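Any value given below was found using the heavy atoms of this structure, including those in side chains, with hydrogens, waters and symmetry copies removed. Remember, predicted model here, so these are calculated numbers, not experimental data. Both ligands and their constituent atoms are indexed starting at 1 by order of listing.
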Amino acid sequence: MRRWRWISLTLLFCSPAFAQYNALPNWIQEQAEVSTVRMYWNISPPGAARGIVIASPSRSDPDYYFHWTRDSALVMESFYMIPESRVSTLAQASAFTDYLELSRELQLTQTLTGLGEPRFHTSGAPYNGDWARPQNDGPALRALSFLRAPASLRALPSSRELLPLVLRTDLRFLIDHRAEPNFDLWEEIKGDHFYTRVVQLAALRLAAANFDPAWGIPAADLQNGIQYFERVLAQHWRGDKKIYSANLNRMGGGENKYTDLDTAVVLGALHAGFASGPFSIRDERVLATAAALEEMFRRIYAINARGPGTAIGRYEDDVYFGGNPWYITTAAFAELHYKLAASLRSKPDFFVTELNLSFLRNALGNEALQPGMNLKDHPAAMKALVARGDQFLARVKLHTPADGGLSEQFSRVNGEPVSARDLTWSYAGFLTAVAARESAIR
Ligand code: NOJ
Ligand code: NOJ
């Protein structure tokens, strides 16, 4: 009897169906470990000033051997979130301190455009060559990385004096430069941007919620900034196209970009991290934009003719390195589905509307879904969202080389890695998606 039980169990676990079923979760765990290690290599690498986060070790074609304010803030935030089982708290604490000290130095560094300067040499010296500057999402993301860092890191003795100074400087900048036209996160278009504005709003809201008089910023200034960004962000909605437009009031750059539809909007909703309301991942307009993006990328990339999932890029007329899908944007779509699943647990009431209908139909595979229905009455919704998110990670898996190295892009034609190798942000984006998956299935 017993022996038969063992044999049938063994048969079950060895069956191709089970291997298939188990392959993705196992790969996700392995890839999370590889990503952690490879991301860590790019934080304070040998020869660079402490606290420097290189965008990639690639020194030519493209040369990404620089510290970008945006990339480094996103990377550090993702690094603090890695569970203790994968990285020591000591490594996190020392990376946090290095990054905090470097941040203060960079804030005090004379640059061509002040705090909106997008990137620095690995020595910490300003990069004064030709570049798309300023990029005002940087200070907002940096402030968010500190405001959202675990309390244990914010309470380190090294933080006591520096943290309020660093936050004061970035928050003051957000308030004072709120209406300044600047370049978008893709470093292409000068104007006003959904991504930049939504992370600016997030930083001010979080600062207001965790108000600290040590910053020396009047609470009323924070409120004025918040109201400003809420108002101008609403202007990004394009009722005719049913999408949030990524860029408004274009003043230059982006010569090849004719479309408003850009994954920057989804990244913005994710990085801002609002639990609900406008510009959150529950916003029907964000979900309408995501559905429109997926449909477009499915149409334009040859590799999307076959599954799994959909490879996602930046925007339709992208030409940078051939305009391919990116790892961060594909992982962001996984993260969006996981976060929505997790949010149904804390707030089960979620109504289907005209605008979120196609996103939800895709995700739940339920054609019977109609506006007015409440997802609370669909107990399978959470699982279906996680399964749909998994499809995007399955797509990432398909184009990840055996050594787990993540470049910036993968070819729209044959899925091979393209552009900068070991892009630090690719690892960070993968890891935040995995963290979102873990909270969705816990
Ligand atoms: C154009 C690309 O689209 C952008 O993302 C990049 O950072 C700049 N060129 C600089 O290489
Ligand atoms: C190009 C991307 O468009 C930009 O967002 C990023 O900061 C740099 N590469 C460095 O990774």
Side-chain angles (χ1 to χ4, degrees), residues 35 38-39 41-43 45 48 52-78 106 113 116-122 127-142 145 182-191 193-196 198-199 246-247 250 252-259 262-268 270-271 312-332 405-410 412 417-430 432:
S35 298
R38 288 181 173 249
M39 182 164 89
W41 285 346
N42 293 353
I43 300 176
I52 288 283
V53 180
I54 52 169
S56 149
S58 170
R59 292 179 192 241
S60 65
D61 199 27
D63 184 359
Y64 276 16
Y65 203 74
F66 291 90
H67 175 97
W68 262 267
T69 309
R70 167 181 41 259
D71 297 44
S72 58
L74 294 169
V75 165
M76 292 313 292
E77 210 185 316
S78 146
L106 297 187
T113 50
E117 192 60 24
R119 68 175 199 170
F120 295 81
H121 290 284
T122 56
Y127 174 79
N128 292 333
D130 211 16
W131 209 253
R133 59 165 66 87
Q135 297 175 21
N136 292 356
D137 57 334
L141 293 170
R142 183 165 53 202
S145 82
N182 66 100
F183 280 87
D184 68 323
L185 84 165
W186 307 135
E187 317 191 287
E188 293 175 334
I189 292 180
K190 189 165 186 186
H193 317 289
F194 183 95
Y195 180 86
T196 306
V198 82
V199 295
N247 319 100
R250 289 168 63 147
E255 282 72 19
N256 63 289
K257 187 179 181 185
Y258 305 102
T259 42
D262 187 322
T263 307
V265 169
V266 172
L267 288 173
L270 289 171
H271 296 172
I312 304 288
R314 301 196 296 182
Y315 54 87
E316 181 164 5
D317 23 28
D318 194 357
V319 294
Y320 185 53
F321 276 84
N324 296 292
W326 286 39
Y327 291 96
I328 51 164
T329 44
T330 307
L406 298 179
S407 302
E408 181 183 72
Q409 316 180 15
F410 48 96
R412 58 195 287 164
V418 179
S419 185
R421 72 186 159 93
D422 281 311
L423 189 82
T424 323
W425 187 2
S426 292
Y427 298 123
F430 180 79
T432 50

- [ ] Have a look at Leu185, Ile328, Leu423 and point out the one with the heavy atom closest to atom 4 (C) of ligand 2.
- [x]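 Closest candidate by heavy-atom distance is Leu185.
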Do any N/O atoms on [X] end up under 3.5 angstrom from N/O atoms on ligand 2?
X: Tyr64; result: yes
X: Trp425; result: no
X: Asp71; result: yes

Considering non-hydrogen atoms of the protein only, which is the closest contact for [atom], and what is the distance?
atom: atom 9 (N) of ligand 1; result: Tyr320 CE1, 4.0 Å
atom: atom 7 (O) of ligand 1; result: Glu187 OE1, 2.3 Å
atom: atom 2 (C) of ligand 2; result: Trp326 CH2, 3.8 Å
atom: atom 10 (C) of ligand 1; result: Trp131 CH2, 3.5 Å
atom: atom 3 (O) of ligand 1; result: Glu188 OE2, 2.4 Å

Open item on the list: Using 30° and 60° as the class boundaries, would you call the ring planes of His271 and Tyr195 parallel, tilted or perpendicular?
Closed with: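 Ring orientation of His271 relative to Tyr195: perpendicular.
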TODO: Return the orientation label for the His121 and Phe66 ring planes: parallel under 30°, perpendicular over 60°, tilted otherwise.
DONE: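 Rings of His121 and Phe66: tilted, as their planes differ by 30° to 60°.
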Using only atom types and a distance under 3.5 Å, with no angle test, would you say the side chain of [X] pairs donor to acceptor with the backbone of [Y]?
X: Arg38; Y: Tyr427; value: no
X: Arg412; Y: Gly323; value: yes
X: Thr432; Y: Gly429; value: yes

Open item on the list: Quick one about Thr196 and Asn136 (side-chain donor to acceptor, distance below 3.5 Å, no hydrogens or angles considered), yes or no?
Closed with: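 Not at all, the side chains of Asn136 and Thr196 share no donor-acceptor pair under 3.5 Å.
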Open item on the list: Looking only at the side chains, is there a donor atom on one of Glu408 and Tyr64 sitting less than 3.5 Å from an acceptor on the other?
Closed with: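 Indeed, the side chains of Glu408 and Tyr64 share at least one donor-acceptor pair under 3.5 Å.
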Open item on the list: Any heavy atom of Arg119 closer to ligand 2 than 4.0 angstrom?
Closed with: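 Distance cut 4.0 Å: Arg119 fails for ligand 2.
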Open item on the list: Using a strict threshold of under 4.0 Å (side-chain N to carboxylate O), is an ion pair present between Arg119 and Glu187?
Closed with: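 So Glu187 does not pair with Arg119 through a salt bridge.
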Open item on the list: Heavy-atom pairs closer than 4.0 Å: do any link ligand 1 to the side chain of Arg314, the backbone, both, or neither?
Closed with: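 Within the 4.0 Å criterion, Arg314 contacts ligand 1 through side-chain atoms alone.
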Open item on the list: Quick check on the 6.0 Å ring-centre criterion: do Trp186 and Trp326 meet it?
Closed with: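 Aromatic pair counts; centres sit under 6.0 Å.
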Open item on the list: Does only the side chain of Trp68 get under 4.0 Å from ligand 2, or the backbone, or both, or neither? Count heavy atoms.
Closed with: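 Just the side chain.
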Open item on the list: Show the atoms of ligand 2 that are less than 4.0 angstrom away from any heavy atom in Glu408.
Closed with: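 Listed by number with element, the hits are 1 (C), 9 (N).
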